[in-house]
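Only this structure's heavy atoms are used, side chains among them; waters, hydrogens and symmetry mates stay out. A, B, ... follow the sequence lines: proteins, then strands. Residue 1 opens every chain. The model shown is predicted, which means the values in this text are computed figures rather than measured ones.
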4 protein chains.
Amino acid sequence: MGDEPQPRLRADARRNRDRIVDAAKSWFATHGPEAPTEEIARSAGVAPGTLYRHFADREALIAAVAVNNLDHALAEAHAAVAEESSAWDALVRILRQSTELRLSFRLLTAYPHVHAVLKKEREADNSRRKMIALLDRVVRRAQSEGTLRTDVGTGDVAMMFALLAHPLSIEWTTTAQLASERCMSLLLESLRAGEAHDTLPGHALWPEDITTG
Amino acid sequence: MGDEPQPRLRADARRNRDRIVDAAKSWFATHGPEAPTEEIARSAGVAPGTLYRHFADREALIAAVAVNNLDHALAEAHAAVAEESSAWDALVRILRQSTELRLSFRLLTAYPHVHAVLKKEREADNSRRKMIALLDRVVRRAQSEGTLRTDVGTGDVAMMFALLAHPLSIEWTTTAQLASERCMSLLLESLRAGEAHDTLPGHALWPEDITTG
Amino acid sequence: MGDEPQPRLRADARRNRDRIVDAAKSWFATHGPEAPTEEIARSAGVAPGTLYRHFADREALIAAVAVNNLDHALAEAHAAVAEESSAWDALVRILRQSTELRLSFRLLTAYPHVHAVLKKEREADNSRRKMIALLDRVVRRAQSEGTLRTDVGTGDVAMMFALLAHPLSIEWTTTAQLASERCMSLLLESLRAGEAHDTLPGHALWPEDITTG
Amino acid sequence: MGDEPQPRLRADARRNRDRIVDAAKSWFATHGPEAPTEEIARSAGVAPGTLYRHFADREALIAAVAVNNLDHALAEAHAAVAEESSAWDALVRILRQSTELRLSFRLLTAYPHVHAVLKKEREADNSRRKMIALLDRVVRRAQSEGTLRTDVGTGDVAMMFALLAHPLSIEWTTTAQLASERCMSLLLESLRAGEAHDTLPGHALWPEDITTG
DNA sequence: GATGAATGAGTATTCATTCAT
DNA sequence: GATGAATGAATACTCATTCAT
């Protein structure tokens, strides 16, 4: 969905390109946007030159990963809209599930420069606009439904979403997982029209839950 | 307040150390934890050698900055508790005002390693424990007051706090500022015991508010 | 005229080979002998692999260009001899007009290695010998005519020629053009038979003095 | 003479800088301006980082070498003027002896870009202007003396000089040496005032004709 | 203690050349 | 034969850290 470069690539080249993007995605996710290109190439099983045949420089690679993420997220979001019975449920699912989108946000955040890059590449900019447009539709529909408070806008929702796009400071344990879900629930609750508190998942977290030693 | 290295330093050395920590703090805040040591030294008005006389390596410097931040945050938090009339207000003030504390979180997040470092240095670990203990007291008191929902714990509060410790992805404009404040308000609201929505600051943000082009 | 590789080439292969040599010639002329092979291939409208099917490596390509130049220069020189009424006029025309020959010299100068390469390929060496022989005839004839000073030899003439084979350091403006022509005139004048010549150091240089093998 | 960077350097740093320039000079002379910086550093007996501490990039190094050459040439030229009894003899000596100056010309020729670089650095530009001014004085004085033909200008002399700034295409044997000297003699002879000169094309070239700014 | 020059390992990127399609 | 993707060695440049002055 908007992921291919203009001229068709030979099948093997296409496969390499995809493997590079995948490798980059996971290195960026775990080591940040400065992850060594050589490692990325090695993970993709190609020589460094091959990486550079496909992407002019690090920035181009980052943009490609961001676009790829955005496209996947967009697909997920479309599915959510199609399959969920209410706009609110779609919104919840979009926010809860889009791991890919979160990485996009992280990259954009870390490389403010990339923002500009994305806008220049028509394809990338398209994906971005589509994502925003879709979110906007869902938000407005949820407000019509009366499930989303009406004093927030799509921008507010996107912003809150961006908050969750960061890795949490504690290691990736079951507790961290739980913490993350509880945060998400609290955030969603604050967006909900009406009063009553939902039940939060798991149990309240106290100091002893977040301190290892 | 727990900031000094064991042996007393000559006055000028002490001053250098402080200037380095200050310089590092602002470079880390603006350029992230990979900011070049040479630039930090230059900003502090010292030669690189001097920086390394005081701090064995980048990690030591990060730890020092984190401790320093924590100490300042602790002081602010104490003031909040002393001066605000309710635990809730104290909590709000702590969460809203502690820029220093947010930076600490960011550093810890980016350098998970530092976590361990901090725990090893008795002094640093002390500050950390004190901060957690204070927050814990405020949280429990706010729950007794009936102002904080009782299905969340200190760990949840800290976690939400951590979310706000990241820079937002859009540039530092008035809108970004507003977005940030609205997020904070929503977060606080989700922690609040009881129903009614507060009025959010400013106006709802829509796509056109967060898109430049 | 001595330009074809031993076995006959298919017509399209032949055309490719020629286009590559032409492209290389102009890249070498404008960007020097280190011009990227990929660019040369692109200019020739072929893929890099095709370039390498015709020429084993950069050196082979340079040799081919040098030979090609030499052949063209030889043709020009023959025409000059045939059409000019005196040996002196022929010499002047040869020196003034042979842009191709100048490039040959430049390449040989930059890649002393190529010298050896040229001598090994019978065909290339033939062209070289023919060029020298022709020049030698013209020089001796001009001296018989009494138009060329007799204390210089073919080697001296070739050497002065080599001097003009380099691009001038100032940009390619009208002035540069003029400067270049004035130099040429001065050089020719110094070769002219006439009164009151200084004694030149050493002895006249003849072909055997500048040819190793 | 205009060779030192603004602030005084520590003695050892100064020595390193000089050794780097010397090493670069000889690598550039023998391998052209693309000679690997690492080799240059090794020849100078320093690590690559040291080279880059002194010179921001290859271009800066080239500029430094060019300036250094120019300064040496300037000194030689001053000596020639002071010690020779006629302007003509001074001119001959300047042209014959300035090996350093020839290298400068070669670098400028190969890196047209460097021209611009040189003009930006005040010090470099000064040296260049001084050299031209000195040559101009000698030329005009030689013409007053009646030893230099009056239909040539300083620009023409500089241009002819530039011709000799290139390495000759044959290896560095005794014959090559001789060839080179004979060329020089012929060139000088063509500049000599005397009878029966041909008319040169255009007009004499003076400094203002070959200087852009 | 402070200085700032030197070090050298680390990394991005280029490009001649090879090889699978 | 042609193609153009892949290779990987070569090389410039950076920056954390060490050390002579």
Any strand: nucleotide that pairs with F:dT21 via Watson-Crick or wobble, under 3.5 Å
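Base-paired to E:dA2.
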Phosphate OP1/OP2 of [N]: any [X] side-chain N/O under 4.0 Å:
| X | N | result |
| --- | --- | --- |
| D:T50 | E:dA5 | no |
| B:N16 | E:dG1 | no |
| B:H54 | E:dG1 | no |

Ignoring hydrogens and angles, tell me if any N or O in the side chain of [X] forms a donor-acceptor pair with the backbone of [Y] under 3.5 Å.
| X | Y | answer |
| --- | --- | --- |
| C:D57 | C:A60 | yes |
| A:R53 | A:P48 | no |
| B:T50 | B:V46 | no |

Which sits closer to the 5' end of DNA chain F, A:R53 or D:T37, going by the nucleotide each is nearest to?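 Nearer the 5' end of the strand: A:R53.
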request  = Take D:E39 and A:V46, find for each the nucleotide of DNA chain F with the closest heavy atom, and name the residue whose nucleotide sits nearer the 5' end.
outcome  =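 The answer here is A:V46.
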Nearest-neighbour nucleotide for the [X] side chain, [options] considered:
| X | options | value |
| --- | --- | --- |
| B:P48 | F:dT11, E:dT13, F:dT17 | F:dT17 |
| D:A47 | F:dA2, F:dG4, E:dT7 | E:dT7 |
| B:A13 | E:dA2, F:dA5, E:dA5 | E:dA2 |

Find the distance [X]:[atom1] to [N]:[atom2] and express it as a whole number of Å.
| X | N | atom1 | atom2 | result |
| --- | --- | --- | --- | --- |
| B:R15 | E:dA2 | CZ | C1' | 13 Å |
| D:R42 | F:dT11 | CZ | C1' | 12 Å |
| A:L61 | E:dT13 | CG | P | 10 Å |
| D:R14 | E:dA6 | CZ | P | 12 Å |
| A:E59 | E:dA12 | CD | P | 14 Å |
| C:F55 | E:dA16 | CZ | P | 15 Å |
| A:Y52 | E:dA12 | OH | C1' | 4 Å |
| D:L51 | F:dC15 | CG | C1' | 16 Å |

If we only count heavy atoms from C-beta on, is the A:L61 to A:I40 side-chain gap below 4.5 Å?
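Counting from C-beta outward, A:L61 and A:I40 do come under 4.5 Å.
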A:R19 side chain near A:N16 side chain, heavy-atom distance below 4.5 Å: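 Yes - at least one pair of side-chain heavy atoms lies under 4.5 Å apart.
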Return whichever of A:G49 or B:G49 has its heavy-atom-nearest nucleotide of DNA chain E closer to the 5' end.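 It is B:G49 whose nearest nucleotide is closer to the 5' end.
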